[in-house]
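As structure tokens, the structure follows; a few thoughts come after it.
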Amino acid sequence: FLGSAGDGTTIVTMDSDSVICTWEYKPESFSSLGWYMPIKVRRLNVSDFVLEEDPSFAARVLFPPPGKKMKPAALDEARGRHLEEMLDMGIQGGNPKAAGAWKDEKGQIGRFEVRVSEDSTEDLMVQHMCRFDANEVLVYHRVARVGMIPLQGAALKVKVDYSKKYLVILGLIPSGVNRQGLLTIFRLDLKGFFLCGPRINIPLPNEIEKRYQRLGLSGDFAVDYDDIDFDVVPPLVQTGTQTLCLLLANLVRFYSLETGQEVREPFDPLAIQQKKVLLDAIRVVGTFRRDAGGG
């Protein structure tokens, strides 16, 4: 990416490794070796952390005994022994980390709770999932270790906003085991060179993510993502802030860059056209103003 910022004398670049630089044509930017040096440099880390199971820890079902079909009397006996063993597992008391209702194969409603072992650390937690039937009888116990696992994404598209003060980056973060993939909007202050909020996260439709997984997220945002695009609209009277128009799966969504909230209903070209319309790009083609009456 290459664009201009400020009063037009500052050049902004971003390479395939998400390294962002600003350049100015000044004597102090000229090195003694014959090339120009950037004024500011930083690398954008397009990633997120999710709580997922640690693959190096063998998660296992502790009850009922796996691989065994037991008669009710034998199952009750095994349950009694297991409840005694649970006292020595170092499971923290007090309120569980999570709890709720669950439905068994017969449609009966019971409850579940998730508790953490006392030997858990801040980075890795040993979690015990227990399920109880409607009579508060333990019917299931599974243990697994979970931790904050990084999900590395890639920058897809980059633009300088209408004010020429911010760099707006559209990134893609792939799905994890327990979380849907995301499109995420970053905003970089080009003067202070820091990320400013809010960070806008939009769930990524599964069919689109599967297509991009086939392409691979190598970090190179120059790939032609032909059904994802965005542009920035000047501040509107209704919101007073710049609006980001996001094209995703043939639907245009509108978000405030200041609040991260959707500011109007999505636009669907199929809703106003009799024939099939497929959008592959979105651009602001001019500036406009609305008066107090909405004209």
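The analysis underlying the following values was restricted to heavy atoms, covering all of them including side chains, and did not include hydrogens, waters or symmetry mates.
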Could you state the interatomic distance from NZ (Lys165) to CZ (Arg187), rounded to the nearest 0.5 Å? 11.0 Å

For Ala59, check side-chain contact (heavy atoms from CB on, under 4.5 Å) against everything at least two apart and list the hits. Glu53, Arg142, Ala144

Pair Glu24, Ser29: side-chain N/O donor-acceptor within cut-off below 3.5 Å: no

Just wondering, do Cys245 and Arg253 contact through their side chains at under 4.5 Å, heavy atoms? no

My understanding is that only residues two or more places apart in sequence, or in another chain, count here; which of them pass side-chain contact (heavy atoms from CB on, under 4.5 Å) with Asp7? Thr9

Tyr36-Tyr25 aromatic ring centre distance below 6.0 Å: yes

I need the minimum non-hydrogen distance between Gly192 and Lys40, along with the two atoms involved. N-NZ, 4.2 Å

How are the rings of His141 and His128 set to each other: parallel, tilted or perpendicular (split at 30° and 60°)? tilted

What distance do Leu188 atom CG and Asp161 atom CG have between them, rounded to the nearest 0.5 Å? 10.5 Å

For Ile200, side-chain contact (heavy atoms from CB on, under 4.5 Å) partners two or more places apart: Ile185, Ile202, Tyr255

Hydrophobic clustering (ILVMFWY, side-chain heavy atoms < 4.5 Å, transitive) - are Met125 and Val114 grouped together? no

Treating Ile, Leu, Val, Met, Phe, Trp and Tyr as nodes and any side-chain heavy-atom pair under 4.5 angstrom as an edge, say whether Val126 and Leu62 lie in one connected cluster. yes

Could you list the residues that satisfy salt bridge (charged side-chain N to carboxylate O under 4.0 Å, His left out) with Glu113, not counting sequence neighbours? Arg111, Arg115

Starting from Ile11 and following side-chain heavy-atom contacts under 4.5 Å between hydrophobic residues (I, L, V, M, F, W, Y), which residues can be reached? Leu2, Trp23

Is the Lys NZ or Arg CZ of Lys157 less than 6.0 Å from the centre of Phe230's six-membered ring, within 45° of the axis? no

Taking the basic N atoms (NZ, or NE/NH1/NH2) and the acidic carboxylate oxygens, is any pair closer than 4.0 Å for Glu85 and Arg81? no

Quick one: list whatever passes side-chain contact (heavy atoms from CB on, under 4.5 Å) with Met70, sequence neighbours left out. Pro65, Lys68, Ala74, Leu75, Ala78

Treating Asp17 as the side-chain partner and Val19 as the backbone partner, does any N or O pair qualify as donor plus acceptor under 3.5 Å? no

Is there side-chain contact between Cys196 and Tyr166, with heavy atoms separated by less than 4.5 Å? yes

Working note: Leu182 + Leu172, criterion side-chain contact (heavy atoms from CB on, under 4.5 Å); need CA distance, chi angles, decisive distance, verdict. CA-CA 6 Å; Leu182 293 175; Leu172 186 151; over 6 Å; no

When every non-hydrogen atom of Val12 is compared with those of Leu190, the smallest separation belongs to CG2-CD1, 4.0 Å

Main chain of Ser256, side chain of Gln242: is a donor-acceptor contact present, judged purely on distance under 3.5 Å? no

If you round to the nearest 0.5 Å, how far is OG of Ser117 from CZ of Arg145? 11.0 Å

Where Arg79 and Leu138 come nearest, the two heavy atoms and their spacing: NE-O, 2.6 Å

Apply side-chain contact (heavy atoms from CB on, under 4.5 Å) to the pair Arg42 and Leu195, showing each step before the final yes or no. CA-CA 11 Å; Arg42 74 164 292 165; Leu195 291 174; 4.2 Å; yes

State yes or no: do Met14 and Ile39 share one hydrophobic cluster built from I, L, V, M, F, W and Y residues joined by side-chain heavy-atom distances below 4.5 Å, directly or via other members? no

Given Asp231 and Tyr162, is the side-chain contact (heavy atoms from CB on, under 4.5 Å) satisfied, shown in steps? CA-CA 9 Å; Asp231 207 348; Tyr162 186 77; over 6 Å; no

Test side-chain contact (heavy atoms from CB on, under 4.5 Å) on Val232 and Leu257 and set out the steps. CA-CA 9 Å; Val232 179; Leu257 280 180; 4.0 Å; yes

Taking the six-membered ring of Phe112 as reference, does the cationic atom of Arg131 (NZ for Lys, CZ for Arg) lie under 6.0 Å from its centre and within 45° of its axis? no

Exam field: side chain Arg43 to backbone Ile20, donor-acceptor pair closer than 3.5 Å: no

Please tell me whether Phe132 and Val143 are part of a single hydrophobic cluster in this structure, the criterion being side-chain heavy atoms less than 4.5 Å apart. yes

Gap separating the CG atom of Asp268 from the CD atom of Glu265, nearest 0.5 angstrom: 11.5 Å

Which atoms form the tightest heavy-atom contact between Ala155 and Val46, and what is the distance? N-CG2, 4.0 Å

Do Val139 and Met89 belong to the same hydrophobic cluster, where Ile, Leu, Val, Met, Phe, Trp and Tyr are linked whenever their side-chain heavy atoms lie under 4.5 Å apart, directly or via other members? no

Euclidean distance, Thr22 OG1 relative to Lys191 NZ, rounded to 0.5 Å: 13.0 Å

Kindly give the heavy-atom pair with the smallest separation between Phe267 and Leu251, and that separation in Å. O-CD1, 3.4 Å

Atom CG of Asp229 and atom CG of Leu246: how far apart are they, to the nearest 0.5 Å? 8.5 Å

Would you call Leu244 and Leu170 a side-chain contact if the rule is heavy atoms closer than 4.5 Å? no

